[in-house]
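See below for the structure under consideration.
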Amino acid sequence: MVNYNLNKSVVFVGLMGAGKSSVGKRLSEEINIPFVDSDDEIELAAGMTVMEIFEQFGESYFRSGEERVLKRLLSERPQVIATGGGAFMSKKIRTMINANGVSVWLSADFETLWERVQGKKTRPLLQVKNPQKTLKDLIIKRTPIYETADIILHSKKYGTHSSVVSKLIKLLILQGKLERKYG
Ligand code: S3P
């Protein structure tokens, strides 16, 4: 197995269904660096699911938990982090990511995202009368902010998760954020 040094956390951003956790886990396995999902960490800290947090305390309570969790994760040694789709919308979180990580936007079109999220009961923002419209509105509203990420990978272009990961490893090495360890 090839071993790597990661100089900064790799932070996946992008909409629900973009594949942040799946691609993140795959990258983590490939470079042998730990993976963490900020939604999982929020659930662990709260002892509740994201759905329950939204239902019982509302979105702004969730967002402050999200900010605290990302602050902690970004202060740890470099790792692979998948964020929830809304995290990068926070200026504070973006500033923390810029200071301690490299942001990677996994971009996907509406059809791909919808195929992955439809019917799932785990995303509070989509438990509405017209979730397709909500998802389309989120794409329009969030794209200009996701576009400010350090690295942008379009899932259509690379197809499979493993080709997204290979491309990302090459880019991270080129940018000096990931180094192969020999010997
Ligand atoms: C959200 C995305 C979810 C989760 C929460 C809010 C968002 O994460 O953080 O439901 O605002 O887009 P995923 O992107 O992992 O589904």
Side-chain angles (χ1 to χ4, degrees), residues 9-28 34-74 79-97 101-156 161 164-165 168:
S9 283
V10 176
V11 186
F12 287 97
V13 305
L15 272 162
M16 301 172 260
K20 301 177 294 274
S21 300
S22 322
V23 173
K25 275 182 201 154
R26 205 176 256 266
L27 172 69
S28 145
F35 168 81
V36 66
D37 181 308
S38 70
D39 279 345
D40 291 349
E41 293 297 306
I42 297 166
E43 293 189 337
L44 254 176
M48 303 164 92
T49 64
V50 170
M51 270 305 277
E52 288 165 345
I53 300 173
F54 267 73
E55 274 163 17
Q56 295 183 32
F57 300 110
E59 181 170 352
S60 59
Y61 182 89
F62 171 80
R63 297 296 173 201
S64 49
E66 185 169 56
E67 194 183 298
R68 278 196 304 279
V69 160
L70 280 163
K71 186 175 181 190
R72 171 171 61 79
L73 297 179
L74 287 160
Q79 53 191 334
V80 179
I81 303 174
T83 64
F88 205 57
M89 298 306 111
S90 150
K91 176 106 200 319
K92 256 193 182 168
I93 293 179
R94 286 203 301 279
T95 306
M96 293 191 293
I97 297 176
V102 47
S103 49
V104 180
W105 175 32
L106 290 184
S107 139
D109 57 22
F110 169 77
E111 285 70 28
T112 308
L113 298 171
W114 177 246
E115 199 185 303
R116 295 189 187 142
V117 298
Q118 66 172 317
K120 297 220 172 110
K121 295 273 174 264
T122 49
R123 268 111 176 180
L125 297 182
L126 298 180
Q127 308 312 305
V128 292
K129 243 200 195 141
N130 191 344
Q132 298 205 30
K133 178 173 185 317
T134 301
L135 185 57
K136 282 180 185 159
D137 289 346
L138 285 173
I139 294 174
I140 292 167
K141 196 171 144 203
R142 292 179 174 179
T143 295
I145 300 174
Y146 290 139
E147 272 173 349
T148 66
D150 299 319
I151 293 176
I152 299 175
L153 295 170
H154 298 282
S155 65
K156 260 259 157 69
H161 284 347
V164 174
V165 168
L168 181 53

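We count ligands from 1, going down the list as the structure has it; atoms in each ligand are counted the same way. The structure displayed is predicted, hence computed values, not measured ones.
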Is the backbone of Ile140 close enough, under 3.5 Å, to the side chain of Thr143 for a donor and an acceptor to pair up by distance? no
Backbone N or O of Gly85 within a donor-acceptor pair of the Tyr146 side chain at under 3.5 Å? yes
By side-chain contact (heavy atoms from CB on, under 4.5 Å), which residues pair with [X], not counting sequence neighbours?
X	value
Val36	Glu41, Leu73, Gln79, Ile81
Lys92	Glu67, Ser90
Glu111	Asp109

Any side-chain heavy atom of Phe88 within less than 4.5 Å of one from Thr83? no
Select all protein residues for which some heavy-atom-to-ligand 1 distance is less than 4.0 Å, and list them by chain and number. Met16, Lys20, Asp39, Val50, Phe62, Arg63, Gly84, Gly85, Gly86, Arg123, Pro124, Leu125, Arg142
